[in-house]
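Written out below as C-alpha cells is the structure these notes cover.
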Amino acid sequence: MHSTELIEQIQRSLKEVVKHADELRDLDQALGDGDLGITITLGAGAVIEALEELPDGATPAEIARACAKAFANANPSTMAALVAGGLLAGSKTWKDLDDVDIAAAARFVKAAGDNIAQRGKTQIGDKTIVDAIMPAAEALDAGEDGASGLDAAIAAAEKAVVDTRSLRSRRGRAAWLQERSIGLQDPGATAMWRFLESWRTAGVPARF
Amino acid sequence: MHSTELIEQIQRSLKEVVKHADELRDLDQALGDGDLGITITLGAGAVIEALEELPDGATPAEIARACAKAFANANPSTMAALVAGGLLAGSKTWKDLDDVDIAAAARFVKAAGDNIAQRGKTQIGDKTIVDAIMPAAEALDAGEDGASGLDAAIAAAEKAVVDTRSLRSRRGRAAWLQERSIGLQDPGATAMWRFLESWRTAGVPARF
Amino acid sequence: MKKIINKPEDFVNEMIEGIILAHPDKLKNPGDDPRILVRADAPVAGKVGIVTGGGSGHLPLFKGYVGQGLCSGVAIGNVFSSPSSQQCFEATKAVDGGAGVLYLYGNYGGDVFNFDLAADLAELEDIETMTVLGRDDVASQPKENRQERRGVAGTLFAYKAAGAAAERGDTLEEVAAAAEDIVENTATMGIGLSPTILPTTGALSFDLPDGEMEIGIGIHGEPGIHRGPLETADAITDRLVDALVADLELADGDSVAVLVNGMGATPLEELYVMYRRVHQSLTSRGVSIGKNYVGEYATSLEMAGASISLLKLNDDRLALLEAPASSPFFQEV
Amino acid sequence: MKKIINKPEDFVNEMIEGIILAHPDKLKNPGDDPRILVRADAPVAGKVGIVTGGGSGHLPLFKGYVGQGLCSGVAIGNVFSSPSSQQCFEATKAVDGGAGVLYLYGNYGGDVFNFDLAADLAELEDIETMTVLGRDDVASQPKENRQERRGVAGTLFAYKAAGAAAERGDTLEEVAAAAEDIVENTATMGIGLSPTILPTTGALSFDLPDGEMEIGIGIHGEPGIHRGPLETADAITDRLVDALVADLELADGDSVAVLVNGMGATPLEELYVMYRRVHQSLTSRGVSIGKNYVGEYATSLEMAGASISLLKLNDDRLALLEAPASSPFFQEV
Ligand SMILES: Nc1ncnc2c1ncn2[C@@H]1O[C@H](COP(=O)(O)OP(=O)(O)O)[C@@H](O)[C@H]1O
Ligand SMILES: Nc1ncnc2c1ncn2[C@@H]1O[C@H](COP(=O)(O)OP(=O)(O)O)[C@@H](O)[C@H]1O
Ligand SMILES: [Mg+2]
Ligand SMILES: [Mg+2]
Ligand SMILES: [Mg+2]
Ligand SMILES: [Mg+2]
C-alpha cells in the first residue's frame with residue numbers, strides 16, 4: 001500500500017471506528033471517566049483532517065507522524081498520548097519505506113505496542129490496550145498475507161478484550177477501582193480491537 | 001424590700017424562670033437561632049452565682065449591676081447585651097436607695113425599657129422585648145401596691161406577647177424572615193412576661 | 001453532618017487554639033480568655049487600636065484581619081453569635097496604646113449591643129472609643145435606609161483602610177473617618193446556592209431547594225431580594241454588578257476596587273469565571289478596576305455561593321488599600 | 001448542580017480568562033492557546049524554567065504556583081484531565097531561558113504520557129528537559145512502590161523548593177535534585193466527606209453515603225484505604241498523622257513542614273481544628289514544626305475533606321521553603 005492508498009485506508013477506517021464511540025464511552029464510564037468516546041471521535045476527526053492537508057508525496061512515515069500529532073492534541077488524555085507515542089514509534093520502523101506490506105504493518109504495530117508498554121510501564125495482563133495490541137502484532141507478524149494476518153489479529157484482539165473482563169485493572173484511572181474493576185471490560189483494549197475491525201470493514205486488506 | 005430580700009427574690013425568680021427555657025428555645029428556633037433558652041438558663045445561673053458572691057451590704061443598685069455583668073457574659077447575644085444594658089440603666093435610678101418599693105421598681109423597669117429601646121433603635125410594635133417591657137412598666141407605675149401593680153404588669157405583658165403574633169418582626173434576626181415572621185410569637189417579649197410571672201410565683205409581691 | 005470536628009461545643013475554642021499554634025509570631029491571647037486575639041505586638045504605643053469582632057464561622061472574617069496594617073484585636077463569638085461585651089472590652093484594653101480604639105465590625109444586632117456596652121465599660125476606664133459599622137449589603141435595605149444595612153464581605157475594604165490609617169499614625173477621629181469614608185462607598189451583594197450546617201445542632205442554616213438560588217443572601221443565610229432557578233454565571237454576575245453600580249452611582253471614568261468573594265464551598269474556579277464577567281461589565285461602562293481581590297474573604301462555613309463587592313476609589317482610598325499589611329490570612333506587599 | 005458557571009464546555013477557558021484579567025502583571029498567555037500560562041516575565045534568560053500542568057478543578061493547584069520563586073509556566077487541561085503534549089511543549093518553549101526546563105507535576109497517567117511526549121518534542125528543538133513527579137500520596141501505594149504513588153497536595157513543597165532553586169540560579173540538574181529530594185521526603189494522606197460535581201456532566205465524582213468518610217482518598221475521589229463512619233477531627237487527624245509519621249520514619253528530634261489542606265468545601269475553621277491536633281500529636285513525639293501552611297492549596301472543586309502533608313525538614317529544605325515567592329495565589333515574604 002502506497003501513500004495515497006494508505007491515507008484513504010486510514011480515513012475510511014476512522015470513519016468506521018467512530019461508530020463505536022458510544023460503546024467506548026460507556027466502557028470508560030464504568031472503569032474511568034467516560035471520555036474515551038470523545039477521544040476517539042475528536043481524534044479520528046482531527047486525523048482525517050490532518051491527512052487531508054498533508055502535502056503530496058508524503059511518505060508513510062510522515063503520514064503516521066501526522067496521525068500522531070493530530071490524535072495527540074484532539075482530546076488530551078491517556079489514550080491520546082499513548083496512541084500518539086505509539087504511532088511515532090511505529091513510524092520510525094518505516095524509515096525509507098514507500099510500500100506498506102503486512103510485514104511492515106506488523107513491525108509498526110509491534111513497535112507501537114512496545115512503546116506504549118514502556119511508556120505506560122505496562123505488561124500484558126495489566127488490563128490495558130497493551131493486552132490487545134501485543135497479540136494483534138504477533139498475529140500480523142505470523143500472517144501469510146494481509147487478509148489472513150488481519151483476520152488473525154482481529155481474532156487475537158477480540159480474545160484479549162474478552163479476557164480483560166476477568167482481570168483487575170493495574171494501570172490508569174481504572175486501577176483506582178481496585179477489585180471493583182474485575183468483571184468490567186477494558187475500554188482501551190476494546191478501542192484497539194474495534195480499530196482493527198474497522199480497518200477490515202473499511203478497506204481491502206489484501207492491499208497490504 | 002432591702003438588699004437581702006432583694007437578692008433572695010431575684011434568685012428564686014430566676015430558678016423559676018428557667019422552667020420556661022424550652023418554650024423560649026422553641027420560639028427563638030422559629031424566629032431566630034434558638035439560643036434564647038440557653039441564654040436564659042446560663043444567664044440565670046450566672047446571676048444566681050454572682051449574687052451569692054456579692055459582699056454583705058451591697059446596695060440594690062450594686063445588686064442590679066452585678067446582675068447585669070453576670071447576665072451579659074453568660075451567653076453573649078442580643079438579649080444578654082440588651083438586658084444587661086437595661087439593668088445598668090435601671091440601676092442608675094436606684095442611686096442612694098436602700099428599700100425597693102413599687103415606685104422604685106416601676107422607675108427601674110421604665111429606665112431599662114427606655115435604654116433597650118434606645119440601644120435597639122426599637123419602638124413598640126417592632127415585635128421585640130420592648131413591646132412587653134413598656135406596658136409592664138406603665139402598669140407597675142400605675143399600681144397602688146406591689147401585688148396589684150405586679151398583677152397588672154403581668155397582664156399587660158401577656159397581652160403584648162399575644163399581640164406580637166400578628167406583627168412583623170422589625171429588629172434582630174427575626175427581621176430577616178420578613179413576612180414569614182407574621183404569626184410567630186416574639187421570644188424576647190415572652191421572656192419578659194415569663195420573668196414577671198416568675199417574680200410573682202417566687203416571692204411575696206406585697207414586700208415591694 | 002459532613003464536618004471535621006470534635007465536640008461541637010469545643011469547635012470555636014479548638015479552632016482558635018489551632019490558629020495560635022500555627023501563628024504564634026503574629027497572634028496571641030492577651031489574657032486567659034481564648035476568645036480574644038490580638039496582634040502579637042499589641043498594644044502599640046501611641047497608635048490607634050482597632051477592635052473587630054463577631055460570630056465564628058466566617059474565616060478569614062474576622063480573626064483573619066488582625067495583623068500589621070489591619071485590625072489590632074478581635075473578640076470572637078460562637079458560630080454566628082456575638083462575642084460578649086466583656087470580651088469586646090478586654091480586647092479594647094489589650095490593644096489600647098493610649099491613642100484610643102476604633103470599633104469596626106459588621107452591623108448585626110447582637111454585635112452592636114455588645115460593642116456598645118463595651119464602649120461604656122471602656123469609657124469608665126478612660127479609653128476613648130469610636131465605632132464604625134460595616135454596612136455594605138445593598139440587598140438588606142434600600143439606599144434610603146443604608147445606615148441599617150448589614151455588614152458583609154465589603155468590610156474587608158474598611159479593615160484595610162482603617163488599619164493603614166492607624167499604622168501611619170492617624171488620630172482616632174481620622175482613622176474612624178477613613179473607615180467611614182470607605183463604608184459609605186462600598187456596596188456588596190451576594191448569592192447563595194446551598195445552606196451551611198450549624199455545628200452545634202446539625203441543622204441547616206436555611207432552606208433552599210436544589211437548583212434554586214437566593215440573590216441578596218446574607219452571610220448567615222438571611223433571605224435576599226430574589227429567589228429563583230439557578231442562572232448562568234454571567235446572568236448572576238450581571239444582576240449583582242448592575243445593582244452595585246446603581247447603588248454607588250458609578251459612571252464612565254470612575255474607578256473601583258472589586259472583591260469577588262466565595263462563601264465557602266464554591267470553587268475558586270467559579271469565582272474567576274465571575275471576575276471575568278465583572279471585568280467585562282465594568283469596562284463596558286467605562287469603569288476601571290484599580291484593585292481586585294478574588295477568593296474567600298468572608299465565608300459562611302460550607303455555604304455554596306459568592307458575593308461581589310465594589311468600592312468606589314479615589315487616590316486616598318487606593319493608597320490605603322495598597323499600603324502594606326500582613327496577617328496569617330491576608331497579605332498586601 | 002450548584003455551580004456558578006456558563007456553558008460547561010467554556011468553564012475552563014472562562015476561568016483562565018478571569019485569572020489573566022485579574023493578574024495581568026503576573027501571568028500571561030505566551031501565545032494563542034489560552035490553556036498555557038506563564039510568568040509575565042518569562043522566559044528568564046539563563047535560569048532554569050519549571051513547567052507544571054494537569055487537569056483543572058484543583059485551584060490553586062496548578063496555575064496558582066506559577067510565579068516568582070515558583071513554577072515558570074503551566075499547561076492546563078480540562079477538569080480532571082490532562083493537558084495535551086503540544087500544550088506542555090508550548091509551555092516549555094515559552095519558559096526556556098536557555099538553561100533547560102524541569103517538568104514538575106503530579107504522578108497521573110495522562111499527565112505523565114503527555115509530558116513525556118512533550119519532552120520528546122523539546123528534545124527535537126534542543127531544549128533540555130528533566131522530569132520530577134509529585135508522588136506524595138501514601139494511601140495510593142505502599143512504601144515499597146512509592147515511585148508509583150499519586151501526586152497530591154504535598155507537591156506544593158516541591159514547587160516551592162524547585163522554584164527557589166531555579167530563582168537562585170541552580171542548574172537544571174540541581175533544580176531537579178532539589179525537587180526530587182523534597183518529593184522523597186514528603187508524605188500526604190487525605191480524607192473525603194462528599195464528592196464533587198463534574199461540570200460537564202453534572203455527575204458526582206464518586207459516591208459516598210452521608211455520614212461516611214473515605215480515608216486515603218485522592219484529589220479526584222480515588223478510593224482510599226478505609227471507608228467507614230465519620231469520626232471526630234482528632235481521630236481522623238491521628239489516623240493521618242500516624243500513617244505519615246510511620247511512612248517518613250519520623251523520630252524524636254526531627255523537624256517537619258506541615259500542610260493542612262482543604263479539598264474545597266471544608267471550612268477553614270475545621271482545618272485549624274485539625275492543625276491543632278497535628279501540632280499536639282507531633283510535639284508529643286518530639287517532632288517540631290518548622291513551617292506550616294493551613295488552607296486550600298490543592299482542591300477538588302467542591303469536595304468536602306482535607307489532607308495533611310508532612311515534609312521532613314533539614315536546613316536546605318527549610319531555606320528553600322522560606323525563600324521569597326510570589327504568585328497571585330501564593331506568597332512567601
Ligand atoms: N499505563 C498505561 N499503559 C497502557 N495503557 C493504559 C495505561 N493507563 C491506561 N491505559 C489505557 O487507557 C485506557 C483509558 O484511556 P483514556 O480514557 O484516555 O484515559 P484517561 O481518561 O484516564 O486519560 C484504558 O482503558 C487503558 O486501556
Ligand atoms: N433591636 C432590638 N431591640 C430590642 N429588642 C430586640 C432587638 N433585636 C432583637 N431583640 C429581641 O431579642 C430577642 C432575641 O434575642 P436573642 O435570642 O438573644 O437574639 P440573637 O440570638 O439573635 O442574638 C428577640 O425575640 C427580640 O425580642
Ligand atoms: Mg478516560
Ligand atoms: Mg437567639
Ligand atoms: Mg472553603
Ligand atoms: Mg473552597
Side-chain angles (χ1 to χ4, degrees), chain C residues 1-7 10-12 14-19 21-23 56-57 59-60 64 79 191 193-194 196 210-211 213 230 232-234 236-237 264-277 279-280 289 292 294-296 299 301-302 304-306 326 328-329 331 333, chain D residues 1-7 11-12 14-19 21-23 56-57 59-60 64 79 191 193-194 196 210-211 213 230 232-234 236-237 260 264-277 279-280 289 292 294-296 299 301-302 304-306 326 328-329 331 333:
Chain C
M1 181 154 71
K2 299 186 184 308
K3 288 196 185 287
I4 307 178
I5 57 173
N6 296 304
K7 288 206 222 96
D10 296 336
F11 176 57
V12 174
E14 290 183 349
M15 176 252 300
I16 297 172
E17 201 185 328
I19 290 178
L21 288 172
H23 313 293
S56 291
L59 271 182
V79 172
I191 169 198
L193 304 187
S194 76
T196 65
D210 206 50
M213 64 174 182
L230 182 56
T232 64
D234 286 356
I236 291 167
T237 306
T266 288
L268 192 46
E269 283 81 358
E270 297 176 22
L271 304 182
Y272 275 102
V273 170
M274 291 179 77
Y275 181 79
R276 164 191 153 277
R277 185 65 172 191
H279 180 101
Q280 290 172 350
I289 300 179
N292 68 71
V294 184
E296 291 182 359
T299 63
L301 293 173
E302 66 283 90
S326 162
F329 300 80
Q331 300 226 323
V333 285
Chain D
M1 182 155 69
K2 300 188 181 307
K3 287 195 185 289
I4 308 178
I5 58 173
N6 296 304
K7 288 206 221 97
F11 175 58
V12 174
E14 289 182 350
M15 176 252 300
I16 297 172
E17 200 185 328
I19 290 178
L21 288 172
H23 313 293
S56 291
L59 271 183
V79 171
I191 170 200
L193 304 187
S194 76
T196 64
D210 206 48
M213 64 174 183
L230 182 57
T232 64
D234 286 356
I236 291 167
T237 306
V260 178
T266 288
L268 192 47
E269 281 83 357
E270 296 175 23
L271 303 182
Y272 275 102
V273 170
M274 292 179 76
Y275 181 79
R276 166 192 151 275
R277 185 65 172 191
H279 180 100
Q280 290 172 349
I289 300 178
N292 68 71
V294 184
E296 292 182 358
T299 63
L301 292 173
E302 66 282 270
S326 163
F329 300 80
Q331 301 226 323
V333 283

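Treat the numbers as computed from the prediction; the structure is a model and nothing was measured. Order of the sequence lines sets the chain letters (A, B, ...), proteins ahead of strands, with each chain counted from 1.
Under the rule for a salt bridge (charged side-chain N to carboxylate O under 4.0 Å, His left out), the partners of D:E270 that lie at least two apart in sequence or sit in another chain are C:K3.
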C:L268 vs D:E296, side-chain contact (heavy atoms from CB on, under 4.5 Å): CA-CA, chis, key distance, verdict: CA-CA 10 Å; C:L268 192 46; D:E296 292 182 358; 5.9 Å; no

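Ranked by heavy-atom pairs under 4.5 Å with chain D, the first of C:V79, C:L59, C:I191 is C:L59. The candidate from C:D10, C:T232, C:L271, C:N6 with the greatest count of non-hydrogen atom pairs under 4.5 Å with chain D is C:N6. Chain C forms more heavy-atom pairs under 4.5 Å with one residue of D:K2, D:M15, D:E269 than with any other, namely D:E269.
Minimum heavy-atom separation, D:I4 to C:A306: CD1-CB, 4.0 Å. Across C:V12 and C:S56, no two heavy atoms sit closer than the pair CG1-OG, 3.4 Å. Smallest separation of non-hydrogen atoms from C:A233 and C:V273: CB-CG1, 3.7 Å.
Between the C:T266 side chain and the C:A304 main chain, no donor and acceptor come within less than 3.5 Å of each other.
Within the 4.5 angstrom heavy-atom criterion, atoms from both the backbone and the side chain of D:L21 approach chain C. Looking at C:D234, the atoms closer than 4.5 Å to chain D (heavy atoms on both sides) sit in the backbone and in the side chain alike. Residue contact with chain C, scored on non-hydrogen atoms closer than 4.5 Å, involves the side chain of D:F329 exclusively. With a 4.5 angstrom heavy-atom cutoff, D:L230 touches chain C only via side-chain atoms. Looking at C:I5, the atoms closer than 4.5 Å to chain D (heavy atoms on both sides) sit in the backbone and in the side chain alike. With a 4.5 Å cut-off on non-hydrogen atoms, D:D210 touches chain C through its backbone and its side chain both.
Aromatic rings of D:H23 and C:Y275 (six-membered ring for Trp) have centroids beyond the 6.0 Å cut-off, not under it.
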